[in-house]
Amino acid sequence: MKNVAQIPFSRNADHRTLTYFFQNLKTIRKIHRLRQKEIAELLDINRPAYSAYEAGRALPKLTVLRKLKEHFGYTYEQLLDDLITEDTP
């Protein structure tokens, strides 16, 4: 059984974490000058699914989070616990 601390995103995530995550998705996309369709393709999902994540209507699977983390070089902590800006390393 996995330790809860190892699971980066769960259905029990607090409101702040969810808010930061949804905002961070849009910020990352804007920083990299991508359209929703383009970032969806990078994450191997369709555009409506990505749009739902960005709008806060759905939660992504762990595989999507992992791809986002690996492709753009952010940590899970940055994605979920911090507000990412253009100045975020």
Side-chain angles (χ1 to χ4, degrees):
M1 188 165 123
K2 287 189 176 184
N3 178 342
V4 174
Q6 294 175 324
I7 301 172
F9 204 79
S10 73
R11 299 226 180 256
N12 297 324
D14 65 29
H15 179 72
R16 183 189 62 118
T17 296
L18 294 173
T19 301
Y20 283 7
F21 176 70
F22 299 137
Q23 288 177 354
N24 286 341
L25 283 177
K26 188 170 188 175
T27 300
I28 290 167
R29 182 172 61 81
K30 298 281 185 184
I31 288 170
H32 295 278
R33 294 178 172 87
L34 296 170
R35 296 178 187 271
Q36 285 186 345
K37 181 178 181 187
E38 294 167 325
I39 197 166
E41 288 171 358
L42 290 171
L43 300 174
D44 294 323
I45 58 175
N46 60 37
R47 194 214 47 85
Y50 178 82
S51 179
Y53 300 156
E54 196 173 280
R57 294 188 310 267
L59 299 176
K61 293 181 179 180
L62 181 58
T63 56
V64 173
L65 276 178
R66 187 175 301 122
K67 287 176 186 176
L68 188 68
K69 172 186 166 300
E70 291 171 357
H71 185 81
F72 294 103
Y74 295 104
T75 65
Y76 288 124
E77 290 78 17
Q78 287 173 308
L79 292 171
L80 303 173
D81 295 331
D82 299 328
L83 280 176
I84 293 172
T85 66
E86 289 188 29
D87 298 327
T88 302

| message | Walk me through whether T27 and E86 qualify under side chain to side chain contact (heavy atoms under 4.5 Å, CB included). | response | CA-CA 8 Å; T27 300; E86 289 188 29; 5.9 Å; no

| query | Of all heavy-atom pairs between R35 and E38, which one has the smallest distance, and what is that distance? | reply | N-OE1, 2.7 Å

Out of curiosity, [X] [atom1] to [Y] [atom2], how far, rounded to the nearest 0.5 Å?
X	Y	atom1	atom2	answer
N24	Q78	CG	CD	9.0 Å
F21	L80	CZ	CG	6.5 Å
D82	T17	CG	OG1	10.0 Å
K30	L25	NZ	CG	12.5 Å

| Near R57 CZ, under 6.0 Å, is it more than 12 heavy atoms from other residues, nucleotides or ligands? | yes

| query | Does R16 CZ have over 12 foreign heavy atoms under 6.0 Å away? | reply | yes

Donor-acceptor contacts, no H, no angles, side chain residues 40-48, under 3.5 Å, sequence neighbours left out:
{"unit_1": "D44", "atom_1": "OD2", "unit_2": "K67", "atom_2": "NZ", "d": "3.0"}
{"unit_1": "N46", "atom_1": "OD1", "unit_2": "A49", "atom_2": "N", "d": "2.8"}
{"unit_1": "R47", "atom_1": "NH1", "unit_2": "Q36", "atom_2": "OE1", "d": "3.3"}

| task | Using the six-membered ring wherever Trp is involved, compare the ring planes of H32 and Y74 and label them parallel, tilted or perpendicular (cut-offs 30° and 60°). | result | perpendicular

| In terms of hydrophobic clustering (I, L, V, M, F, W, Y; side-chain heavy atoms under 4.5 Å; direct or indirect links), are F22 and L62 co-clustered? |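 In one cluster: yes.
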
| query | Sequence neighbours excluded, which residues qualify as side-chain hydrogen bond (donor to acceptor under 3.5 Å, both in side chains) partners of Y50? | reply |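 By the side-chain hydrogen bond (donor to acceptor under 3.5 Å, both in side chains) rule, Y50 matches E54.
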
| query | Which of these passes side-chain contact (heavy atoms from CB on, under 4.5 Å) with F72: I84, I31, I39, L79? | reply | I39

| query | Taking side chain as C-beta onward, heavy atoms only, is Y76 less than 4.5 Å from L68? | reply |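 Not touching, per the 4.5 Å side-chain cut-off.
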
| task | For A58, check side chain to side chain contact (heavy atoms under 4.5 Å, CB included) against everything at least two apart and list the hits. | result |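 Applying side chain to side chain contact (heavy atoms under 4.5 Å, CB included) to A58 gives A52, Y53.
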
| field | Check against side chain to side chain contact (heavy atoms under 4.5 Å, CB included), R66 and T63 | value | CA-CA 5 Å; R66 187 175 301 122; T63 56; 4.2 Å; yes

